[in-house]
Every structure is written in C-alpha cells, then in structure tokens.
Amino acid sequence: MNKSRLSERDVCSKFIAPAIQKAGWNMRTQVREEISFTDGRIIVQGKLYTRGKRKRADYILYYKPNIPIAIIEAKDNNHNVGDGMQQALEYSEILQIPFVFTSNGDSFVFHDKTKLSGNVEEEISLDDFPSPEILWKKYSDFIGLDNPEVQEVVTQDYYADDSGMSPRYYQQNAINRTVEAIAKGQNRILLVMATGTGKTYTAFNIIWRLWKNGIKKRILFLADRNALLTQTKNGDFSPFGNDIMHIIKNRKIDKSYQIYFALYQGLTSTDESKNAYKEFSRDFFDLVVIDECHRGSASEASAWREVLDYFESATQIGLTATPKETKDVSNMEYFGEPVYTYSLKQGIDDGFLAPYKVVRISMNVDEGWRPTAGLIDKYGNEVQDRIYNLKDYDRNLVIDERTIEVAKKITEYLKATDRFAKTIVFCTDIDHANRMRQALINENADLVAKHWNYCVKITGDDEVGKQELDNFTDVEERFPVIATTSKMLTTGIDTKMVKFIVLESNINSVTEFKQIIGRGTRIREAEGKVFFTIMDFRKATNNFARPDFDGDPVQIYEPTEEDTVVPPDIEEIESDTEIDGDLGGFVPRAVPNIDIDEEEDEVKKYYVNNIKVMVANERVQYYGKNGKLITESLKDYTKSNIKNEYRSLDEFIQKWNTTDNKEELLTELSEHGILVEALKEEIGLDLDPFDLICHVAYDQPPLTKQERANNVRKRNYFTKYGNTAQRILLTLLDKYEQEGILSIEKGSVLKVQPLSQMGSPVELVRAFGKKKDFEKAIQELENEIYKEGA
C-alpha cells in the first residue's frame with residue numbers, strides 16, 4: 001500500500017485506530033475522534049458576528065468518562081511522524097492531559113509529561129501503543145494516587161445526563177483536580193472560574209461524585225442570596241431529588257436531609273443564642289461548598305467565617321470568579337492556591353463567554369466642579385466650598401443635570417440599537433439608583449406609559465423591585481428592560497440576556513469590576529445575545545490597565561458630543577487565531593492606571609441643580625481653505641487653546657511658578673477645554689502636567705518626574721535646613737516623583753505614610769519653625785523642581 005496517497009482520515013482509520021484498539025482501548029466509550037473542545041471566539045463587527053476557528057483534537061482518549069488521559073495528533077504520511085507535536089502539547093496544556101502522541105501511520109512519537117528526566121519524548125511502534133491501564137498507572141503514580149481507596153474516589157463516574165449534556169473541558173479540569181485533591185486528603189480547596197462559566201454546575205458534578213462514592217455523605221451549600229439557593233436546588237442540583245435536599249429557612253433546622261442549602265446570614269446572628277448553625281454538631285457535615293466565597297467568607301472578622309470555623313473538620317470548597325486578596329481578606333490564605341483557574345480572558349478566547357465593547361463618556365463637570373461662594377442646595381444647606389469630582393458625585397454631591405444627561409445618553413444608545421435590550425445601571429447608592437430610575441422613566445415616557453415596569457429599581461430596600469428580579473433575569477420575560485441598582489446585582493445573579501451595562505458608580509476594586517462585567521458575559525446565541533456593551537461614565541474601565549485584570553474589551557470608544565454613542569465598526573486582524581469568515585473584531589486600546597479611593601466615611605450629601613452639564617471633550621471642527629470641515633486632534637486642540645491663554649512659553653512658566661495652588665490652575669485650564677488626563681492618554685506619556693503642556697503646546701523636550709526629582713537631589717539645596725526638615729523635604733520629593741505635584745500640595749500630605757510615621761503634623765511643621773516657614777519651604781521645593789523650566 002502506498003501510504004503517501006492516503007488522506008489524513010485514511011491514515012487514522014487504517015493505522016492509528018487499529019493500533020489504539022489493539023492496545024485495549026474501547027473505541028466506543030474511551031476514544032473520541034475529531035473532538036472540538038472550544039466553541040471559537042465570537043468576533044463582532046457592528047451588528048454582525050462570526051466565530052473564530054474551534055480548537056479540535058484528532059483523538060482524545062479517556063480512562064473513564066470525562067477523565068481524559070491522552071491526546072493524539074494525526075497527520076498524513078507525507079508528514080514526519082513527529083509533526084504536529086507542538087500543537088498537540090499546546091492542546092494538552094489546555095486540557096490538562098498528561099500523555100501526548102503524534103502519528104503519520106508509520107509509528108507514534110510519545111511525549112510523557114509525567115517524566116521529569118530521561119527520554120520524555122521517544123518514538124514507539126504502532127504495536128507498542130500503551131494500554132489504558134499502563135497510562136493510568138503512570139499518571140496515578142505521578143500525582144500520588146497510591147492506594148485503592150483513593151483510586152476509587154478519583155475514578156467515580158460522573159452523573160450521566162439523559163440529555164447528553166457533559167462538562168466542558170475546563171469544567172472537567174476543575175472537577176477532576178478538585179476530586180483528586182480531596183481524595184489525597186486536601187481539606188481546603190479554591191476554584192476560580194470566571195462568571196458565566198458554570199461554577200454551580202461544576203460544583204454539582206464534584207458533589208455528585210463524592211456523594212455517590214460515599215466519601216461525603218452530608219453536604220452544606222452556602223450562598224448569600226435566596227435566589228441563588230432556589231436557583232441551585234431546582235436547577236443544577238435537581239438530579240439529587242427533593243427527598244434528600246433541603247433549604248434552611250427562618251433558622252429552623254431539620255437534621256433528616258443529606259444536602260442542605262443555606263444563606264450565611266440565615267445561619268448566623270448578632271445574638272449568639274440564635275446562631276442556627278450550632279444546632280448541628282461540629283462534625284455533622286463532611287463537605288461545605290461556599291459559593292461566591294470572595295464576598296467575605298475568607299475574612300477572619302466576618303460572621304460568615306464563624307460557620308466555616310465551626311465546621312472545620314469538613315472539607316471546604318470555595319467557589320469564586322474573583323479571589324479577594326486585601327490586607328483584611330485573603331481567599332488564598334484560607335483555602336490555599338486555586339486547584340484550577342479559568343479566567344475571563346480564556347473564556348472569551350474559547351468562545352464560551354461573550355466579548356464586549358466599551359463606550360466611555362465624560363461630562364464637563366467630571367474633571368472638577370466648585371460651588372460659587374455661599375451656594376445653597378435644594379434643601380437649604382450651604383454647599384461646602386471645595387472642588388468636587390467623580391469620586392464625590394452622588395456620594396456626597398448630587399448634580400441633577402448630570403443624572404439627567406447620563407439618562408439621556410443611556411436612552412440614546414438604546415434607541416440607536418435595541419430599546420428592549422436588558423440593561424443594568426450600576427449606581428453609587430440606593431438614593432442614586434432611585435434618582436436614575438426617575439430620570440430614565442422621564443427619558444422613556446412613551447414606553448413607560450405602556451409598560452409600567454419598563455424601568456425598575458432593584459435594590460435591597462425595595463420589595464417591588466426585588467419581586468421584579470425574577471422577571472428581569474428570565475430569558476422569556478421582556479420586562480423589566482432597565483434595572484437601576486447599587487450593589488444587589490453585582491454578583492451571583494444569573495442575568496443571561498443582559499446586553500448593556502452602565503457604570504455610574506465609582507468602582508475601586510478589580511474584584512467588583514470583574515463581577516459587574518460578569519453580568520453580561522453569558523452567551524445566548526439562539527436569542528441573539530453574542531456580545532454586550534459597557535457604557536462607562538466613571539472611568540471605571542481604567543481598571544483594564546490594572547495588572548490583576550484579564551479579559552480586555554474588543555473595542556474602546558469615546559464619543560464626543562457630536563458623535564453617536566454607538567461604536568463604529570473597526571476591523572481587527574487576528575494575530576494568533578485562524579478565523580472562519582471575513583469579519584474582524586476590534587483592537588483594545590491601552591488606558592492609564594486609575595487612582596483608587598478606598599475611603600468610605602459617611603459624609604453629608606448636597607443636592608444642587610441649575611448646573612450646566614454636557615458631554616466633555618467636544619470634537620473641534622473648522623472649515624479649511626478648501627471649504628471642507630477639518631477635525632482637530634486633542635493634541636492640536638490643546639496646543640491652540642494653551643497659546644490663546646499664554647502667548648509664549650515664558651508666560652506659561654511664569655504663571656505656573658507664581659501659582660501657589662497648581663490644582664486651581666489645572667481646574668482653570670480644564671474650563672478652557674484643556675483636560676490633562678485625556679491629553680496624557682492621547683500622547684501616551686505619563687508626564688507631570690507642566691511638562692505635558694510645555695511639550696504639547698511649545699514643542700519642548702519633556703523631563704520625567706524622576707528626572708526632575710533627581711536634578712533636585714543633585715543640587716542638594718536641603719543643607720540649609722535641619723536634619724528633620726531635610727528628611728521631610730526629601731520624603732515630599734519622593735512623593736512628587738511617584739504621584740506628581742498635586743500630592744505634595746494637599747494639606748493632608750503630613751497625615752499619610754511615611755510622613756505620619758515621622759511625627760504629628762504639628763511636630764513636622766515645627767521642624768521648619770512656624771506654619772509660614774513650612775509653607776515657604778514647600779514653595780521653595782516646588783521652585784527647585786521646576787528650576788529647569790521645560
């Protein structure tokens with residue numbers, strides 16, 4: 001037989017399949033051919049979309065159903081026997097498969113990932129293909145499954161679904177790694193899986209295998225929302241049957257069941273005598289599963305942690321899309337490193353999660369607004385005189401016109417795309433959610449007249465809104481369309497049809513940001529939901545630049561006042577995936593880091609109106625010599641406006657150096673349309689505002705903050721001060737280098753580390769003499785910083 005004339009499929013059927021079967025593999029139950037294990041990334045252009053090419057393996061071999069152990073990449077006989085090994089190894093990493101083979105019909109090349117030395121890769125004959133038992137023995141020895149009882153747990157069958165549904169590859173990985181860890185005696189398990197990837201379904205399969213085997217007989221499933229408990233019991237967990245499952249309500253305990261569902265807060269109480277969980281013995285449960293464990297269960301100070309500590313003898317599995325790591329809360333310290341992680345980025349790349357576009361809109365007041373002297377708000381309160389910005393709006397200052405303008409932009413987008421697209425508007429607090437609901441109702445009065453629940457507020461304090469939650473999440477229900485909320489919909493609620501997410505809340509945490517994005521990541525291809533859009537009014541999408549964020553948007557679009565709010569079509573050239581079809585996606589754009597404000601102190605809220613609010617960063621157009629409209633870039637626009645204010649470089653430098661409060665000068669510039677942060681983004685340089693303006697407007701080569709700080713250190717002008725004063729000034733110089741000039745002008749600078757460790761503000765000022773001496777020293781430091789001019 002002339003093998004060179006055979007196709008790849010002929011090689012498979014005539015040589016590879018017989019070799020596998022001869023080695024003892026059951027071709028019906030243990031071997032799957034031409035299996036696609038991803039759906040192919042969704043690629044969007046306008047309202048159209050296509051999918052990228054699926055990842056497909058020629059053969060995957062299973063020791064038991066859903067326990068993959070080997071992968072084979074086949075080639076026709078015109079290829080070398082080892083061709084395709086690199087692709088097969090890539091797939092084996094994704095699928096977490098330990099044994100990799102390639103073949104062209106002459107022999108196999110065998111790559112053994114359980115070998116840490118020696119011949120990791122070698123050629124073997126067709127007759128020497130290893131049996132299932134040989135490969136399983138190699139693998140089980142490698143991961144330490146060293147006795148029959150452990151082997152029995154790990155090889156327990158999955159639940160056989162009559163519908164033919166089986167876990168996706170990453171769910172399979174998560175289930176197998178968890179069961180293996182528990183079988184080997186690990187009692188604290190963390191699973192990290194992006195929102196929308198089926199954490200509850202994965203948990204069901206883990207519990208089913210452990211329960212059927214008998215290693216875990218009584219199970220407690222903990223969540224923090226009633227809707228999650230009912231959804232879980234009646235959905236993914238229904239194969240267990242109602243006879244053995246029970247939801248704990250009203251702190252009433254019935255010990256006759258095997259699988260319990262409970263709210264954290266339903267088991268605990270501020271009154272020690274009402275802690276319902278203590279009605280169970282400490283060893284009552286063999287397994288505790290903690291859904292959305294980032295929400296507090298890992299905090300030592302949390303009441304939820306009491307439940308976990310009480311049942312400490314049980315194996316505990318934490319499920320989350322976003323493990324939380326802060327100074328007070330650590331999922332990993334409690335549970336250990338994740339046994340498996342499936343990220344948002346991977347889910348989008350695989351085509352299991354919906355990609356998203358971002359529309360970023362800023363208002364003219366967002367860079368800063370200051371009340372006129374003695375301004376009285378709507379309720380007779382004098383508004384504190386200071387500069388307010390995005391961190392303040394709707395938290396301690398309400399500008400009615402801003403809320404109305406946001407509602408107009410949301411409605412404009414819906415009218416341009418789909419007025420019945422499920423929409424969540426995330427607000428700062430319940431009061432803000434209520435005002436936003438009112439503004440949206442006014443903007444959509446035509447639909448509200450026909451459907452009272454077109455727009456509703458869904459918050460913890462609103463019973464009507466909470467009753468509408470089921471309708472909002474139901475794929476079949478058309479209304480409500482728009483839900484305004486604060487925190488209630490950030491996590492855990494399965495909002496499959498949400499196509500539009502609006503960020504009108506200051507989101508300081510990547511954990512919360514990922515959870516919010518997760519509200520839109522479900523794909524409902526049959527119903528036309530294949531991507532979603534985020535409209536950001538709070539610069540929350542600057543979180544894309546954070547190192548702990550994954551899964552960038554396919555497009556970032558910043559419309560000006562004259563632009564439509566619907567992003568234009570932009571084609572993307574895929575660099576690492578083959579694409580079926582002619583459509584492209586979008587190229588993400590880098591964004592700068594965001595300053596995080598972690599203060600949550602209670603503050604007085606002012607309500608003001610009659611403020612002129614409009615979309616900022618207006619595109620400037622003018623008629624050229626040929627009579628056509630010409631659009632200026634932000635850089636050109638800034639250059640023109642700066643020169644209108646300061647005719648020469650010297651005039652600007654003099655203004656900068658003689659202005660005691662640089663923040664006021666920057667506010668003044670912003671009122672003339674000179675937005676420093678937006679300019680930084682366009683230029684792509686993180687410069688001091690002084691250098692940025694000199695560079696853009698007067699073509700001067702800029703100095704970095706580090707270069708300016710080093711120049712000051714070299715001059716060593718500090719020697720005229722005492723030792724303590726020198727240390728203070730050097731520390732302030734360090735702060736300038738890291739954070740910029742505004743950081744050292746703030747009156748609170750002496751209260752933050754490391755200055756706060758050197759003494760009280762009064763003591764630090766005394767190091768210079770009187771307060772005026774300290775202020776003079778700060779002014780001299782600034783003069784030294786900008787001594788070189790541009």
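Note that this is a predicted model, so its numbers are computed, not measured.
Closest approach of V81 to T102, counting heavy atoms only: O-OG1, 2.8 Å. The two atoms that bring L229 and A223 nearest to each other are CD2-CB, 3.7 Å, heavy atoms only. Here the shortest heavy-atom pairing between V339 and A181 reads CG1-CB, 4.3 Å. A pairwise comparison of heavy atoms in I516 and I501 identifies O-CD1, 3.5 Å as the closest pair. Summarising the geometry of N176 relative to N66, their closest heavy-atom pair is ND2-O, 3.0 Å, with the distance given to 0.1 Å. A pairwise comparison of heavy atoms in R51 and G40 identifies NH1-O, 2.7 Å as the closest pair.
Residues I523 and F352 form no side-chain contact, since every pair of their non-hydrogen atoms from C-beta on lies 4.5 Å or further apart. For the pair I20 and L61, the minimum side-chain heavy-atom distance is below 4.5 Å. Under the 4.5 Å side-chain criterion, counting only non-hydrogen atoms from C-beta, Y334 is not in contact with C293. Residues Y91 and I97 form no side-chain contact, since every pair of their non-hydrogen atoms from C-beta on lies 4.5 Å or further apart. For the pair P98/I69, a side-chain contact is recorded, criterion being any heavy-atom separation below 4.5 Å from C-beta on. Side-chain contact check for K184 versus I143: some heavy-atom pair is nearer than 4.5 Å. Side-chain contact between I534 and V359 is absent, with no heavy atoms from C-beta onward closer than 4.5 Å. For the pair F237 and W208, the minimum side-chain heavy-atom distance is 4.5 Å or more.
With respect to R56 and E34, a salt bridge is recorded, a charged nitrogen being found less than 4.0 Å from a carboxylate O. Remark: K422 does not engage E477 in a salt bridge, criterion side-chain N to carboxylate O under 4.0 Å. Residues E512 and K514 are not paired through a salt bridge, judged by the lack of any N-O separation under 4.0 Å between the basic side chain and the carboxylate. The pair K212-D157 fails the salt-bridge criterion, with no side-chain N (NZ, NE, NH1 or NH2) lying under 4.0 Å from an Asp/Glu carboxylate O. Ion pair D350/R41 not flagged as a salt bridge, since none of the NZ, NE, NH1 or NH2 atoms sits closer than 4.0 Å to an Asp/Glu carboxylate oxygen. Under the 4.0 Å criterion applied to side-chain N and carboxylate O atoms, E527 and K499 are not assigned as salt-bridge partners. Under 4.0 Å is where a charged nitrogen must lie from a carboxylate oxygen, and between E337 and R188 no such pair does.
Using the six-membered ring where Trp is involved, W25 and F129 have ring planes that are perpendicular, over 60° apart on the 30 and 60° scheme. Note: F110 and F99 have tilted aromatic rings, judged against thresholds of 30 and 60 degrees for the angle between ring planes. Between Y342 and Y170, the ring planes are parallel. Angles under 30° get that label, and only those over 60° would be called perpendicular. Using a 30° and 60° split on the angle between ring planes, F261 and F221 fall in the tilted class, from 30° to 60°.
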Could you give me the CA-CA distance, side-chain angles and deciding distance for D291 and K199, then say whether salt bridge (charged side-chain N to carboxylate O under 4.0 Å, His left out) is met?
CA-CA 8 Å; D291 194 25; K199 290 190 294 296; 5.5 Å; no

Intermediate values then yes/no, side chain to side chain contact (heavy atoms under 4.5 Å, CB included), I424 and V502
CA-CA 6 Å; I424 304 177; V502 179; over 6 Å; no

Mind running side chain to side chain donor-acceptor pair (under 3.5 Å) on Y340 and N173 for me, showing each step along the way?
CA-CA 7 Å; Y340 185 70; N173 289 346; 3.2 Å; yes

As a quick check of understanding, evaluate side chain to side chain contact (heavy atoms under 4.5 Å, CB included) for V31 and N26, giving each step before the final call.
CA-CA 7 Å; V31 179; N26 186 313; over 6 Å; no

How far apart are the C-alpha atoms of M165 and Y201, what are their side-chain angles, what is the distance that settles it, and do they pass the side chain to side chain contact (heavy atoms under 4.5 Å, CB included) test?
CA-CA 11 Å; M165 179 179 177; Y201 175 69; 3.7 Å; yes

Evaluation steps, side chain to side chain contact (heavy atoms under 4.5 Å, CB included), between D474 and F472:
CA-CA 6 Å; D474 192 325; F472 183 72; over 6 Å; no

Go through the steps for D127 and S125 under the test side chain to side chain donor-acceptor pair (under 3.5 Å), then give the verdict.
CA-CA 5 Å; D127 293 333; S125 70; 5.1 Å; no

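No donor-acceptor pair closer than 3.5 Å links the side chain of S140 to the backbone N or O of K138. Without hydrogens or angle criteria, R32 side chain to R28 main chain gives no donor-acceptor distance under 3.5 Å. Formation of a donor-acceptor pair under 3.5 Å by the D536 side chain with backbone atoms of R360 is not found in this model. In terms of modelled atom types and a separation under 3.5 Å, the side chain of N2 and the main chain of S4 share a donor-acceptor contact. No donor-acceptor pair closer than 3.5 Å links the side chain of N119 to the backbone N or O of E122. When atom types are taken as modelled, the side chain of R209 and the backbone of N205 share no donor-acceptor pair closer than 3.5 angstrom. Under the 3.5 Å distance criterion, the side-chain polar atoms of T38 are matched with a main-chain donor or acceptor of K55. A donor-acceptor pair is defined here as one N or O able to donate and one able to accept, closer than 3.5 Å; no such pair exists between the side chain of K64 and the backbone of V154. A donor-acceptor pair is defined here as one N or O able to donate and one able to accept, closer than 3.5 Å; no such pair exists between the side chain of N104 and the backbone of K75.
Annotation: K14, atom NZ; neighbour count of heavy atoms from other residues, nucleotides and ligands within 6.0 Å does not exceed 12. Atom NZ of K137 is surrounded by 12 or fewer heavy atoms from other residues, nucleotides or ligands within 6.0 Å. Within a 6.0 Å radius of CD in Q86, no more than 12 heavy atoms belonging to other residues, nucleotides or ligands are found. Atom CD of E152 has 12 or fewer neighbouring heavy atoms from other residues, nucleotides or ligands inside a 6.0 Å radius.
Atom CZ of residue R177 and atom CG of residue L191 lie 11.0 Å apart, to the nearest 0.5 angstrom. Going from atom OG1 of T315 over to atom CD1 of I215 covers 7.5 Å, rounded to the nearest 0.5 Å. Atom CH2 in W136 sits 6.0 Å away from atom CD in Q151 (nearest 0.5 Å). For the atom pair OG1 (T202) and CG (D236), the distance works out to 8.5 Å, reported to the nearest 0.5 Å. A distance of 8.0 Å separates OG1 in T195 from CG in L344, rounded to the nearest 0.5 Å. The CD atom of Q316 sits 12.0 Å away from the CG atom of L190 when rounded to the nearest 0.5 Å.
No side-chain donor from either of Q30 and Y62 sits under 3.5 Å from a side-chain acceptor of the other. Between the side chains of T533 and Y413, at least one donor N or O lies within less than 3.5 Å of an accepting N or O.
Centroid-to-centroid, the aromatic rings of F204 and Y159 come within less than 6.0 Å. Between W211 and F240, the distance separating the two ring centers is shorter than 6.0 angstrom.
A cation-pi arrangement, defined by a distance under 6.0 Å to the six-membered ring centre and an angle within 45 degrees of its axis, is absent between K113 and Y139.
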